[in-house]
Amino acid sequence: MPGPSSTSSRSTSTLSTSLRTHTCGELREEHVGQTVTLCGWVAKYRDHGGVVFIDLRDRYGLTQLVFDPDAGEKLSGDGLNAATHELARGLRGEDVVKVTGTVHARGEGLVNPKLSTGAIEMRASGLTVLNKAVTPPFEPGADQLPGEELRLKYRYLDLRRPALQKIMELRHRLSKVTRDYFDEHGFLEVETPILGRSTPEGARDYLVPSRVHPGEFYALPQSPQLYKQILMVGGTDRYFQIARCFRDEDLRSDRQPEFSQIDIEMSFVGREDVLNAIDGLIAAFSTELLGKEISLPLPRLTHAEALDRFGSDKPDTRFGLELKDISDVAAACEFGVFNKTTASGGKVRGLCAPDAAAKYSRKDLDGLTAFVGEWGARGLAWFRVIEEDGAVKLQAPTAKFFTAEQQTQIIERLSAKPGDLLLFVADKPSVVNAALANLRNRLGKELELYDPAELAALWVLEFPLVTRNEEENRWEAEHHPFCAVHPDDEEKLKSDPGAVRAESYDLVCNGYEAASGSVRIHDPGVQQAVFDLIGMDAEEAERRFGFLLDALKYGAPPHAGIALGLDRWVMILAQLDNIRDVIAFPKTQKAADLMTGAPGEVDGKQLEELHIRTVAPPK
RNA sequence: GGGGCCGUAGCUCAAUUGGUUAGAGUACCGGACUGUCGAUCCGGGGGUUGCGGGUUCAAGUCCCGUCGGCCUCGCCA
């Protein structure tokens, strides 16, 4: 875990308790000669028949304890009686003990450079077993991790692993940096309700039945969106909250049913004010948590440019490998797949994998073809760039369909050199982008085109206000219905809705959507126009969001906000690709807690009180 | 809702085309050993091969179903 400072390097004097004088990560040569008491878990025992070594572990580190049966004779003051020695011989992994002894410098050649406490050891004289452990299903200290199912069931054992403890510490410190930062900038942390009202659109709600209102339900918040806007109407001016959010949708490696947002809203601001505020927060994350300066302002891309260059609205910009369009060349060539696609309005785009021609066999390329198939691409055209008789040309079974001039055009368009591998997808633009964006991420990783420790954060601006739902034949809000319209595009609301840009912004980092927000509508006329566009009549809007619309009539300041995914930020900063590892008690892909068994059945009486009757699902 | 991978000792894994008594490391138990830090050495116990069904002379292995975990498409304003 990176970081300029951590708890273990701070003064730990305050960690002394009535049971211990120091922690297991604390003792150094300067403590030699002192009598100390440590508490912790037995990480390892090495019994030599006579002398017994115990590695004692707590959150702060590992200290070697020595139980020497001859100590009483050899070293005055370190007396170890036979009963204590025998007790030490019976210690096993994960026993919780309290040990008193004297700090000794380790002898010549006995220093363990792998331990921060490796220059010393404690010669134990007293031992109390505070809690004898049964044999654990896995060892928190083992190199090899057990399956995740087991780790989740015995989460308390998993949490003892130093790696997980470091992540919990990082998460704590990220929260602390966040609170300090917003406090310094005049923000108030305000709590909003967990039991709220269901406001359709968006994700599926988690519902809570009401006992006193038969047949009615609260909904857990998908985000505090409406409350924070109302706080602005309420004159809070600057609000933030580390808010728990709930969404009953299918999970992914970066999605949990309950997660935390760093939620922000500001009054009397425009887009730049929010972006500047968050730039500062990200810089604080980098300096305080990684010990690395980051240059501000963060880079910005428009949504259109992000799609054009990376095929994605959340590009990983730690590496290049940008997408290039060769539709014009494809239209003119003799390769049927290419010219038919362009003739029917499709695009041909591709990327140049540097020095990769020799790294991917035919079988590997078949694998890449299958990979892009996951996003609907029906094929992947590939060419190796070679130099032959002084000419740089394409080599592939399909190369014969391209004239020498076309080959040169393609090579120049992708800035390719001999040894590079060119990969193209021909399809409708959405498929081309999805396939190539995912291929780009895969190649970036496989070809090690970036430093995994780098933090590449950028803003993606000017998302479309609405997207077309082809199935239901209507426009849908891309962000949410309260998102302001780009000032230059207001007149297009009726004439060309798909081209209307929103006053919205996403913060993308290392390929993850790490924050999302917008300037809000505070003009009732524009709000009505947006509702009209997404097919929501006044009555329906009133029923769903009436309380917000009412609030906006009573003096609403121009306001804007954003929310950062706290779990995702911890994941990114810790260089992990799994959100469960940054949550103390995460849920499985089926939203179950393997430790507690949640969700579980309840008493019939509880259901009765809640006026609930369950129906078994059809087979 | 769809697709894919996985499930064998407490744990991590192995087991030829379907073929004898399902093995190894580690953990655990017993013994030996006075400076280890992956301690070492000797010995031992430990299995409903997730569960149910089917094919077969014979199933850990093949087929169907089911449960669980992971990845993913849809979904996630």
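First the proteins, then the strands, lettered A, B, ... as listed; each starts at 1.
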Base, sugar-phosphate, or nothing: which does Q64(A) touch, judged by heavy atoms less than 4.0 Å apart?
base
Return the value, rounded to whole Å, for the distance between atom CD of Q144(A) and atom C1' of U26(B).
9 Å
What does L150(A) touch in the nucleic acid at a heavy-atom separation under 4.0 angstrom: a base, only the sugar-phosphate, or nothing?
sugar-phosphate
Hey, does F138(A) reach any base, or is it just sugar-phosphate, or nothing, if we go heavy atoms under 4.0 Å?
nothing
Just to be sure I understand the rule, does L594(A) reach a base, reach only the sugar-phosphate, or reach nothing, if contact means heavy atoms closer than 4.0 Å?
sugar-phosphate
Which is true for Q225(A) with a 4.0 Å heavy-atom rule: it touches a base, it touches only sugar-phosphate, or it touches nothing?
base
Report the relative orientation of the aromatic rings in F545(A) and F531(A); use parallel for angles under 30°, tilted for 30 to 60°, perpendicular for over 60°.
parallel
side-chain N/O K44(A) vs G38(B) OP1/OP2, d < 4.0 Å
no
Watson-Crick or G-U wobble mate for U20(B), both contacts under 3.5 Å
none
Residue among H559(A), H522(A), R520(A), E265(A) satisfying side chain to side chain donor-acceptor pair (under 3.5 Å) with Q229(A)
H559(A)
Would you indicate, yes or no, if C37(B) has its OP1 or OP2 atom less than 4.0 angstrom from a side-chain nitrogen or oxygen of K114(A)?
no
Measuring centre to centre across the rings, with the benzene-like ring taken for any Trp, is F67(A) within less than 6.0 Å of H85(A)?
no
Sugar-phosphate, base or nothing in reach of R580(A), heavy atoms under 4.0 Å
sugar-phosphate
Let's test this: given Watson-Crick or G-U wobble pairing with both distances under 3.5 Å, identify the partner of A39(B).
none
Determine the contact category for Y154(A): base if any of its heavy atoms lies under 4.0 Å from a base atom, sugar-phosphate if only primed atoms, P, OP1 or OP2 are that close, otherwise nothing.
nothing
What's E121(A) touching, base or sugar-phosphate or nothing? Going by heavy atoms closer than 4.0 Å.
base
Can you see which heavy atom on A477(A) is nearest to which on I534(A), and at what distance?
N-CG2, 3.9 Å
Within the structure shown, what part of the strands sits under 4.0 Å from Q589(A) by heavy-atom distance: base, sugar-phosphate, or nothing?
base
Does H48(A) stack onto the base of A39(B), taking stacking as ring centres under 5.5 Å apart and planes under 30° apart?
yes
At 4.0 Å (heavy atoms only), tell me whether R204(A) reaches a base, stays on the sugar-phosphate, or touches nothing.
nothing
Looking at R92(A) and G10(B), is any side-chain donor or acceptor paired with a base atom of the opposite kind under 3.5 Å?
no
Taking any heavy-atom pair under 4.0 Å as a contact, classify R89(A): base, sugar-phosphate, or nothing.
base
Would you indicate what D143(A) reaches in the nucleic acid, counting non-hydrogen atoms under 4.0 angstrom: base, sugar-phosphate, or nothing?
nothing
Which word best sums up how the rings of F482(A) and H480(A) line up, parallel for under 30°, tilted for 30 to 60°, or perpendicular for over 60°?
tilted
